[in-house]
Participant: 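Input: one structure, supplied below.
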Amino acid sequence: MTTQEHDASVYESVRESSEFQELKRRFRAWTFPMTVAFLVWYLLYVVMSGWARGFMATKVLGDINVGLIFGLLQFVSTFLIAWAYARHAEKKLDPIADKLRHEVEEKTK
C-alpha cells in the first residue's frame with residue numbers, strides 16, 4: 001500500500017466516524033441559523049434604507065439618526081457573531097476536532 005492510499009483510507013475512515021459526523025452536526029447547527037439571522041438583519045437594514053427613508057432619517061440625538069445607528073450596529077453584530085463563534089468552537093467543536101486530529105496523526109505515523 002502506498003502512502004497516498006494509506007492516507008486516503010485514514011481520512012475516509014475519519015469522515016465516516018460518528019465523531020466527525022457529530023462535529024459536522026454541531027458546526028452546521030450553529031453556523032446555518034446564525035448565517036440566516038445575520039442575512040435577515042442585513043437585508044432589513046438595506047430594505048429599510050431604501051423604502052423606509054423617513055424612519056431611517058429620524059433624528060435620535062443631534063445629527064445621529066436611526067439609519068446611522070443601524071449601520072453601526074451592522075459592525076457591532078459582525079464582531080459579536082465572530083466572538084460568539086469563537087466561544088462556540090472552543091467549547092463544542094475544538095475538543096472533537098482535536099481528538100480526531102490526534103487519531104489521524106497516530107494512524108499516519
Participant: Just wondering, do L44 and V47 contact through their side chains at under 4.5 Å, heavy atoms?
Facilitator: no
Participant: Crowded around R53 CZ? As in, over 12 foreign heavy atoms under 6.0 Å?
Facilitator: no
Participant: Could you give all pairs that pass the ring pair (Phe, Tyr, Trp, His ring centres under 6.0 Å) test and reach residues 83-109, with sequence neighbours left out?
Facilitator: W30-Y85, W30-H88
Participant: Any idea how F38 and Y42 line up, ring-wise: parallel (<30°), tilted (30 to 60°), or perpendicular (>60°)?
Facilitator: parallel
Participant: Can you name the nearest heavy-atom pair linking R15 to Q21, along with the distance?
Facilitator: O-NE2, 2.7 Å
Participant: Would K107 and E103 count as a salt bridge (charged side-chain N to carboxylate O under 4.0 Å, His left out) here? Give the steps.
Facilitator: CA-CA 6 Å; K107 290 179 182 178; E103 288 175 9; 5.1 Å; no
Participant: Rounded to the nearest 0.5 Å, how far apart are CZ of F27 and NZ of K92?
Facilitator: 16.0 Å
Participant: Mind checking whether F70 and W41 have parallel, tilted or perpendicular rings, split at 30° and 60°?
Facilitator: tilted
Participant: Nearest 0.5 Å please: distance from the CE atom of M34 over to the OG atom of S77.
Facilitator: 10.0 Å
Participant: Rounded to the nearest 0.5 Å, what separation is found between the CG atom of L23 and the OG atom of S18?
Facilitator: 11.5 Å
Participant: Determine, step by step, whether E22 and R25 satisfy the salt bridge (charged side-chain N to carboxylate O under 4.0 Å, His left out) criterion, reporting the C-alpha distance in whole Å, the side-chain angles of both residues, the deciding distance to 0.1 Å, and the verdict.
Facilitator: CA-CA 5 Å; E22 177 65 15; R25 186 196 66 73; 2.7 Å; yes
Participant: Is it true that, when you exclude D98 itself, more than 12 heavy atoms of the residues, nucleotides or ligands shown sit nearer than 6.0 Å to its CG?
Facilitator: yes
Participant: If you group Ile, Leu, Val, Met, Phe, Trp and Tyr by side-chain heavy-atom gaps below 4.5 Å, do I81 and L43 land in one group?
Facilitator: yes
Participant: Taking all atoms of both residues into account, what is the closest heavy-atom pair of A89 and P95, and its distance?
Facilitator: O-CD, 4.3 Å
Participant: When you measure from the side chain of R26 to the backbone of L93, do you find a donor-acceptor pair of N or O atoms at a distance under 3.5 Å?
Facilitator: no
Participant: Check the pair K24, F20 against side chain to side chain contact (heavy atoms under 4.5 Å, CB included), reporting the backbone distance first and the verdict last.
Facilitator: CA-CA 6 Å; K24 285 188 347 180; F20 185 73; 3.4 Å; yes
Participant: Do T58 and N65 touch side chain to side chain, with heavy atoms closer than 4.5 Å?
Facilitator: no
Participant: Counting only N and O atoms by type, is there a donor-acceptor contact under 3.5 Å from the side chain of T31 to the main-chain atoms of R28?
Facilitator: no
